[in-house]
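See structure below.
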2 protein chains.
Amino acid sequence: MKLTTRGRYAVTAMLDLAIHGENRPVSLADISGRQEISLSYLEQLFAKLRRGALVDSVRGPGGGYRLAHNREAIFVAQIIDAVDESVDVTNCQGKGNCHHGEVCLTHHLWQDLSDQIHDFLSGISLADLVNNRGGKGAARSADTVQKLILQ
Amino acid sequence: MKLTTRGRYAVTAMLDLAIHGENRPVSLADISGRQEISLSYLEQLFAKLRRGALVDSVRGPGGGYRLAHNREAIFVAQIIDAVDESVDVTNCQGKGNCHHGEVCLTHHLWQDLSDQIHDFLSGISLADLVNNRGGKGAARSADTVQKLILQ
DNA sequence: CTAAAAACCTAGTAAATTACTTGGTTTTTT
DNA sequence: AAAAAACCAAGTAATTTACTAGGTTTTTAG
């Protein structure tokens with residue numbers, strides 16, 4: 001399945017951007033420092049995020065990246081789609097040619113799971129994450145959020 | 001995340017077993033032939049499935065594997081857990097030490113997604129798959145099912 | 001107007017994982 | 001006794017992933 005560390009990194013970086021980028025653009029060097037993701041790796045991820053129209057870039061000193069839309073309008077599924085190409089758990093990437101050119105025994109199972117995951121992640125915006133409402137809304141203590149935001 | 005080809009192979013093989021193993025045990029050589037999975041790889045998977053008490057083995061000629069429970073009582077999540085260890089999308093395997101020993105920004109998101117996937121796959125039994133009710137019950141034409149079962 | 005900060009780009013590489021191979025042994029049936 | 005099967009351990013090829021190296025271009029601040 002396409003749900004790897006790459007996607008996690010991308011969501012984390014976008015969340016960092018949502019938290020720290022209200023006024024000025026945020027440089028990848030800053031995100032790299034805070035989230036401990038290699039700068040050059042971030043560059044590669046943000047190239048994809050930009051192609052996916054999720055962020056805008058500002059070049060030159062004082063530049064960096066900005067969210068291309070507001071927090072409420074950027075969903076986790078979009079981020080993962082942008083960097084991982086797809087959230088797909090089938091073997092045949094949904095083509096249905098997994099067994100001698102026909103659908104394999106479990107094709108529909110994986111297809112349905114894929115859809116399920118995509119639906120789940122499509123319902124969660126960056127705003128939800130900032131406001132601590134990831135998924136079912138697992139509790140996160142107020143001071144943990146503070147620590148994470150203020151570092 | 002732990003949702004790889006290994007898990008898919010395991011579910012496919014177990015489904016093959018459910019379909020072909022009503023009377024006699026099914027040898028891995030048979031499954032290997034039908035599903036095009038390397039025999040030795042199947043052996044490794046079935047060692048784990050046996051440790052997970054999902055199948056029983058019968059040694060000697062005419063031997064093979066049998067489901068350890070009936071189709072209704074074996075769920076996809078159990079199969080994947082047995083071969084992939086866990087269906088976990090967090091970076092820290094649920095430990096919550098992903099960022100300087102604290103939970104990372106997106107920990108709860110991945111935790112919730114993990115739970116979601118696990119719940120989904122826990123609701124689908126081998127019997128459901130045999131009867132073509134994977135997940136939301138995507139339609140599969142009757143003759144496709146025939147082809148798959150009768151090969 | 002120049003130095004520096006940033007994005008932007010390409011290619012390569014190290015590490016990890018995955019799928020598979022090899023070459024056995026043990027058990028049990030015919 | 002031969003053969004069919006499970007069972008086992010170690011190694012390997014292929015792929016993917018995360019990261020590094022080494023640039024260029026753009027733009028701002030001084």
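Below, chains carry the letters A, B, ... as their sequence lines are ordered, and counting in each starts from 1.
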Check this one for me: any side-chain N or O of [X] less than 4.0 Å away from OP1 or OP2 of [N]?
X       : N      : value
B/Arg6  : C/dC20 : no
A/Arg50 : C/dC9  : yes
A/Tyr41 : C/dA14 : no
B/Tyr9  : C/dC20 : yes

Without decimals, in angstroms, what is the distance between [X] [atom1] and [N] [atom2]?
X       : N      : atom1 : atom2 : answer
A/Asp56 : C/dA6  : CG    : C1'   : 16 Å
B/Gln35 : C/dA19 : CD    : P     : 16 Å
B/Leu42 : C/dA19 : CG    : P     : 12 Å
B/Leu45 : D/dA6  : CG    : C1'   : 15 Å
B/Arg66 : D/dA5  : CZ    : C1'   : 14 Å
A/Tyr65 : C/dA5  : OH    : P     : 18 Å
B/Leu49 : D/dA6  : CG    : C1'   : 14 Å
B/Leu39 : C/dT22 : CG    : P     : 12 Å

Whichever of A/Gly63 and A/Arg51 has its nearest DNA chain C nucleotide further upstream toward 5':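 Here A/Gly63 is the residue nearer the 5' end.
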
Residue mapping more 5' on DNA chain C - nearest nucleotide basis, A/Leu28 or B/Ile37: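 In this pair, the answer is A/Leu28.
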
Heavy-atom protein contacts under 4.0 Å, nucleotides 22-30 of chain D, coded B base, S sugar-phosphate only, - none: ---BBBB--

For the student: nearest non-hydrogen atoms of [X] and [Y], plus distance:
X        : Y       : result
A/Gly123 : A/Phe75 : C-CD2, 4.1 Å
A/Ala68  : A/Ala53 : CB-O, 3.4 Å
A/Ser32  : A/Ile37 : OG-O, 2.7 Å

Test applied, side-chain contact (heavy atoms from CB on, under 4.5 Å); reference residue, A/Ile74; option that passes from A/Leu17, A/Leu129, A/Val55, A/Ile79: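 Looking at A/Leu17, A/Leu129, A/Val55, A/Ile79, the match for A/Ile74 under the side-chain contact (heavy atoms from CB on, under 4.5 Å) is A/Ile79.
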
Polar side-chain contact A/Gln44-C/dT10 base: donor and acceptor under 3.5 Å: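 No, no donor-acceptor pair under 3.5 Å.
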
Sugar-phosphate only, base, or nothing, as touched by B/Phe46 at under 4.0 Å among non-hydrogen atoms: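 Counting heavy atoms under 4.0 Å across all strands, no contact is made by B/Phe46.
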
Intermediate values then yes/no, salt bridge (Lys or Arg N to Asp or Glu O under 4.0 Å), A/Arg71 and A/Glu22: CA-CA 10 Å; A/Arg71 298 162 166 187; A/Glu22 293 220 78; 3.8 Å; yes

Nearest-nucleotide pick for B/Ser57, side chain only, options being D/dT20, D/dC7, C/dA7: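 Of the candidates, D/dC7 comes closest.
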
Spacing of CD1 belonging to B/Ile80 relative to CE belonging to B/Met14, to within rounding of 0.5 Å: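 Interatomic distance, B/Ile80 CD1 to B/Met14 CE, rounded to 0.5 Å: 11.5 Å.
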
B/Tyr9 and B/Tyr41 aromatic ring geometry - parallel, tilted or perpendicular at 30°/60° bounds: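 It falls in the perpendicular class, over 60°.
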
